[in-house]
Amino acid sequence: MMKVKIVKNILDANDQMALENKKLFDETGVVAINIMASPGAGKTSLILKTIDLLGLPVAVVEGDIASTFDAEKVGAKKVPVVQINTGGACHLDAAMIRKAVKRLSLKGARVLFVENVGNLVCPAEFKLGESARVVVASVPEGDDKPYKYPGMFSAATAVVLNKIDTLPVIDFDMRRFKKGVHAVNAGAPIFEVSCKTGQGLDSWIEWLRKLAS
Ligand code: MG
Ligand code: ZN
């Protein structure tokens with residue numbers, strides 16, 4: 001019982017901080033997008049492609065347990081970026097975002113991409129102050145992800161299915177995948193894309209532009 005209560009208090013405190021972050025983002029005129037996925041689904045690739053195609057000023061927070069590789073790739077696009085190393089923690093929380101955006105110039109930015117730690121479980125529990133939560137899945141991971149991680153998929157504002165260029169060589173039942181997403185989240189749009197070939201990214205970009213307008 002005690003343990004349950006402590007966890008609840010931590011989440012309440014996080015929700016409070018997330019509300020403060022959201023207020024700051026609203027005042028700054030920036031829309032924050034929380035990007036969640038398992039490791040290797042293509043969160044960074046999606047952010048890099050989106051920076052090229054969106055045509056709006058963006059800023060990025062990169063969350064990783066360790067390393068700065070992804071932040072360096074984003075920085076090469078001449079986009080303001082801050083790396084958070086969680087030092088072992090498997091998700092970002094609202095306090096980490098608050099600290100990170102203090103080091104980031106949000107002035108003029110319209111969209112803030114937050115790349116969460118690669119993990120399909122607890123990032124869903126921690127609000128960051130975002131306007132949208134995007135779950136990136138990928139074809140090689142299999143069509144069963146929404147069935148195995150319903151919490152993550154039910155929390156999504158939108159789902160991006162990446163690496164559709166691999167469909168010809170991988171057993172992936174698209175109907176089963178979509179059925180699984182819509183079973184826990186009837187309203188979420190699913191964007192089928194390949195960050196490698198660029199296929200399907202236009203609808204994703206259109207959706208983002210609407211969100212940022
Ligand atoms: Mg990454
Ligand atoms: Zn975690």
Side-chain angles (χ1 to χ4, degrees), residues 3-4 6-18 21 32-54 58-100 104 111-130 132-141 145 148-156 158-163 165-166 191 193-196 198 201 204 208:
K3 198 173 171 196
V4 169
I6 289 166
V7 170
K8 189 178 178 303
N9 287 346
I10 288 170
L11 286 174
D12 286 348
N14 185 75
D15 281 359
Q16 193 53 46
M17 178 85 59
N21 288 349
I33 318 269
N34 182 3
I35 302 198
M36 302 179 283
S38 54
K43 296 182 293 304
T44 311
S45 304
L46 182 68
I47 290 170
L48 292 171
K49 277 284 178 191
T50 303
I51 290 170
D52 289 342
L53 297 170
L54 188 61
V58 309
V60 179
V61 172
E62 276 294 332
D64 274 301
I65 290 175
S67 93
T68 56
F69 299 141
D70 291 352
E72 284 158 20
K73 285 184 206 161
V74 171
K77 299 266 180 204
K78 309 276 181 245
V79 162
V81 58
V82 167
Q83 175 83 51
I84 300 173
N85 279 140
T86 61
C90 47
H91 59 268
L92 297 179
D93 65 30
M96 294 178 197
I97 296 303
R98 186 178 195 77
K99 248 198 227 163
L104 192 65
V111 181
L112 172 68
F113 292 108
V114 178
E115 180 176 338
N116 218 309
V117 177
N119 172 355
L120 282 177
V121 187
C122 45
E125 303 282 330
F126 290 83
K127 292 177 189 157
L128 306 178
E130 69 273 55
R133 309 174 120 197
V134 174
V135 176
V136 184
S138 69
V139 170
E141 292 173 81
K145 283 290 165 296
K148 288 188 173 174
Y149 302 97
M152 178 56 76
F153 284 86
S154 67
V159 173
V160 173
L161 178 65
N162 189 23
K163 307 190 190 180
D165 55 294
T166 66
F191 300 104
V193 312
S194 165
C195 289
K196 191 174 173 187
L201 286 168
W204 155 249
L208 269 181

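Read the numbers this way: they start at 1 and go in the same order the structure lists the ligands and their atoms. Note that this is a predicted model, so its numbers are computed, not measured.
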Student: Does the side chain of F126 come within less than 4.5 Å of D15's, by heavy atoms?
Tutor: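 A side-chain contact under 4.5 Å is absent here.
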Student: Run through L46, L53, L48 and flag the one making a side-chain contact (heavy atoms from CB on, under 4.5 Å) with T50.
Tutor: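 Passing option: L46.
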Student: Backbone N or O of L92 within a donor-acceptor pair of the N116 side chain at under 3.5 Å?
Tutor: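 Indeed, once roles are kept as given, a pair shorter than 3.5 Å links the two residues.
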Student: Which of these passes side-chain contact (heavy atoms from CB on, under 4.5 Å) with I97: L104, V61, V82?
Tutor: V61
Student: Under a 3.5 Å distance rule, please check whether N14 uses its side chain to pair with a backbone N or O of K127 as donor and acceptor.
Tutor: yes
Student: Counting only protein atoms, how many N/O/S atoms are less than 2.8 Å away from the Mg ion (ligand 1)?
Tutor: 3
Student: Round to 10° and report the angle made at the Zn ion (ligand 2) by SG of C90 and ND1 of H91.
Tutor: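 About 130°, to the nearest ten degrees.
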Student: Check the orientation of W204 and F191. Use parallel for under 30°, tilted for 30 to 60°, and perpendicular for over 60°.
Tutor: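 Judged by the thresholds at 30° and 60°, the geometry between W204 and F191 is perpendicular.
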